[in-house]
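Heavy atoms only: backbone and side chains are in, while hydrogens, waters and symmetry mates are out. First listed ligand is number 1; within each ligand, the first listed atom is number 1.
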Amino acid sequence: MSDPVEYEIRGGVAVLTLNNPPVNALSSSLRRGIIDAIDRAAIDRAAADPDVRAVVLSGRGRCFCGGADIREFGETPVPPSLPEVIARIEASAKPVVAALHGVAFGGGFELPLGCHYRLSAPSARVALPEVTLGLIPGAGGTQRLPRLIGAEHALGMILSGEPVDAETACKLGILDAVTDEGGLVDAAIAFALDRASEGGPYPTARGSVPTEPENGFFEGERKKIERRARGLIAPWHCIDSVENVFRLPFDEGLATERELFMECRGSEQSAAQRHIFFAEREAQKIPGIPRDTPVQFIETAAVIGCGTMGTGIAMVFAEAGIPVRILDKDSGVLDKGLQRIQQTFAGAVQKGKITEAEKDTRWAMVSGTADMDDLKDADIVIEAAFEDMAVKREIFAALDAVCKSGAILATNTSTLDVDEIAAATNRADRVIGTHFFSPANIMRLMENVRGAKTSPSTIATVMALARRLGKAGVLVGNCDGFVGNRMYHHYTRQASFLLEEGALPGQVDTAIYDFGFAMGPFAVGDVAGLDVSWRIRQRRAETRPPDERYSAIADRLCELGRFGQKTGAGWYRYDNGSRTPIADPVVEDVIRSVSEELGFQRRDIGDDEILQRCLYTLVNEGAKILDEGMALRASDIDVIWTSGYGFPKHRGGPMFYADRVGLKTVYDALCCLADIHGDLFAPAGLLEKLARQGKGFENV
Ligand code: T1G
């Protein structure tokens, strides 16, 4: 086992190199290693020490440090704590210089904040992403960073969790210098010796006087996060802890930060968000497809169809720096789509998300054509044409004839059979589903659908492409609706049945929103367009079992031309272009008339019943999907629902949530619902088995 901290004296400077692959996570052994190394460097002796005059702290491998070891959070803390390590460094009588490359995230950034100086390579990025894990910075970040760069910038970084690049970090006062890529450690050594020659005391964040923010700043920040942080713990504690910089002496502020951090660390919300963090990484691991499976590097891409999905997908490639050509035979549609892309990029500049130069770079990646021959050299083609099997088969046959032999042909279909599409080609091994979610340039989920003949190399290539595109890639089986939409179909059916029995759209949506979803199912339907699912229901009509309960309410609305926001009315009405849903008596009348036709005596329905019937339906269908092998693991389903359907991350996804409720509880509730509503709620075999064994989906 190599030393967790490499120790080398270079020209009177002790160079400490963190060495805990893959990201130098600050495990207990690494923290102990840092303490041992700074003791060895005798940092409590003056810089005149003939052996060691200064210290440089660097990282081995891809990054400086990815932060505290998240895997340790479920265990009893082992000393020394990270705050103790940082306090020792900060009190050093010798100058300590951090040399940052790659990322310095979380505790991996708090550690350098405790150093006297910070240098970085141009590629380095710093961040405090703890809030994305349901935490707050717990090793001084909320106390030191505001003292260095002011409350406004510090709280912005802490609440967003977003990285800051080296140039910006230098401008803000986080870094003392940005060196060239190759000479970081040498530059840090020279810098350290210069500081040692000048003598102490050396600057510390603790000793910096914070600049008071304008009056009402913190209250304003609380107002800003009201909607998106509703029901959460960590974001509010972030604001409280930064505000303490201006209310409490440093050590008291540090102690309070630690208390708030430990509260977050022990919360269900953080357990759920840490579950998703690891689940997204676990989803990359495909049994039978080893990490070293040959992967084709995608140099160029093409998209078929310049509609909403096609343009969204093209933007994803352009943002990842991959040249993408969009084909549409309708020049009007093509021009409109290209214009939409240009406007979206320009809008991102106006919002300050990207620079003019970045906009130009992205736009330069995009081109349009009406000639399929122009796609012959593309490494991958994503078909995003009309959701009709005949149309897709015709396109794939044509692509198969035109595209180079190694090209991957992918379909963005949301429900159609990938094998049937692949059968239209002579390269079924290189055909796969790549199901993006609208808007494709915003939603992180990418469901990759393996066909029966899809090769391991094609799967490995597309899973690697998902990462490169910044997507949460999940490999799923080729069943009707794959995983996400198959579960969503049952979830929305239940929501409609609740309307027939007594609820109204606003009540159902509010219950789901209060649970933590971004929107309830009816509001989502109005955004997506009710005509989309209407077409799918019409396609399925001839194969629907005659005795299967079916709600006609949505069909009635579509027959009235109510397709949602795009027609100004759907489940709700929308006044002149507004996106705010307003309850509409017309819809209530439709609902009541369907209830009457079905002979329902409408009744009051409580939020608990709404949540049980909608969420446990999700869990039950997820269990069936696992049983059938259409998802590799329960946590994959959690990734799908948190990154593609707005399931609240602080609940961990449907399967994690069910485990926390207890599968016996879920099973018993499903049995009660089945007694009332029939087989709709018959528990899946896997769920029953796990419930009886006292186990959870985490054991699958
Ligand atoms: N702890 C434990 N394991 C980690 C880890 C961490 N902090 N970061 C990454 N890993 C594992 C990951 O699960 C994967 O494992 C492998 O490393 C490669 O990760 C006190 C309390 C650093 C930008 O939130 O953002 O500090 O799948 O695939 O794409 O205030 O990992 O190979 O078995 O993501 O090159 C705060 C989390 C922690 C940063 C690298 N830090 N990590 O990205 O590799 S809380 C974070 C990342 C904290 C303090 C608080 C990224 C990365 P496996 P990867 P990558």
Side-chain angles (χ1 to χ4, degrees), residues 4 18 20-31 34 59-75 77-78 80-87 100-114 123-145 154 157-158 160-165 234 237-238 241-242 254 257-267 270-271 273-286 290-292 463-464 466-473 633 635-636 639 649:
L18 307 182
N20 181 26
V23 299
N24 297 326
L26 290 157
S27 61
S28 53
S29 60
L30 182 51
R31 300 194 302 270
I34 297 172
R60 176 79 52 215
R62 70 173 91 170
C63 68
F64 172 76
C65 177
D69 189 331
I70 307 170
R71 293 185 195 281
E72 287 187 352
F73 288 168
E75 300 151 14
V78 173
S81 73
L82 187 54
E84 288 169 60
V85 173
I86 294 170
L100 311 181
H101 77 286
V103 298
F105 282 4
F109 178 30
E110 292 172 297
L111 182 59
L113 286 176
S123 62
R125 293 179 298 144
V126 295
L128 289 173
E130 287 85 344
V131 74
T132 65
L133 297 169
L135 301 166
I136 75 167
T142 68
Q143 304 303 300
R144 291 190 173 92
L145 191 59
M157 285 183 69
I158 293 167
S160 70
E162 286 300 314
V164 163
D165 63 33
H237 282 359
C238 286
S241 197
V242 171
L254 214 53
E257 174 195 81
R258 195 71 186 164
E259 287 167 18
L260 295 173
F261 165 73
M262 292 307 281
E263 179 194 338
C264 291
R265 173 177 144 151
S267 70
S270 182
Q273 289 172 255
R274 299 195 306 264
H275 162 72
I276 291 300
F277 172 85
F278 289 116
E280 290 187 353
R281 287 153 180 82
E282 201 60 26
Q284 314 290 315
K285 298 166 189 169
I286 314 297
R291 277 199 174 183
D292 60 0
M463 291 301 286
R467 276 174 71 104
R468 199 169 151 208
L469 297 176
K471 296 296 182 186
R633 46 185 86 85
S635 60
D636 282 8
V639 172
K649 279 194 174 182

The criterion is salt bridge (charged side-chain N to carboxylate O under 4.0 Å, His left out); which residues satisfy it with E282, sequence neighbours excluded? K285
Of all residues at least two apart in sequence or in a different chain, which pass the side chain to side chain donor-acceptor pair (under 3.5 Å) check with H275? D638
Enumerate the protein residues lying less than 4.0 Å from ligand 1, judged by heavy-atom distances, in chain and residue-number order. P22, V23, A25, R62, G66, G67, A68, D69, I70, R71, F73, V103, F105, G106, G107, E110, P129, E130, L133, P137, G138, A139, F261, F277, F278, R281, K285, R291, R467
Under the side chain to side chain donor-acceptor pair (under 3.5 Å) test, residues paired with R60 that sit two or more places apart: E6
In sequence, state the C-alpha distance, the side-chain angles, and the governing distance for T142 and E257, and then conclude on side-chain hydrogen bond (donor to acceptor under 3.5 Å, both in side chains). CA-CA 7 Å; T142 68; E257 174 195 81; 2.5 Å; yes
Any chance you could lay out the side-chain hydrogen bond (donor to acceptor under 3.5 Å, both in side chains) test for S27 and R31, step after step, and finish with the verdict? CA-CA 6 Å; S27 61; R31 300 194 302 270; over 6 Å; no
Could you go through E84 and S81, starting from their C-alpha distance and side-chain angles, then the distance that decides it, and tell me whether this counts as side-chain hydrogen bond (donor to acceptor under 3.5 Å, both in side chains)? CA-CA 5 Å; E84 288 169 60; S81 73; 3.0 Å; yes
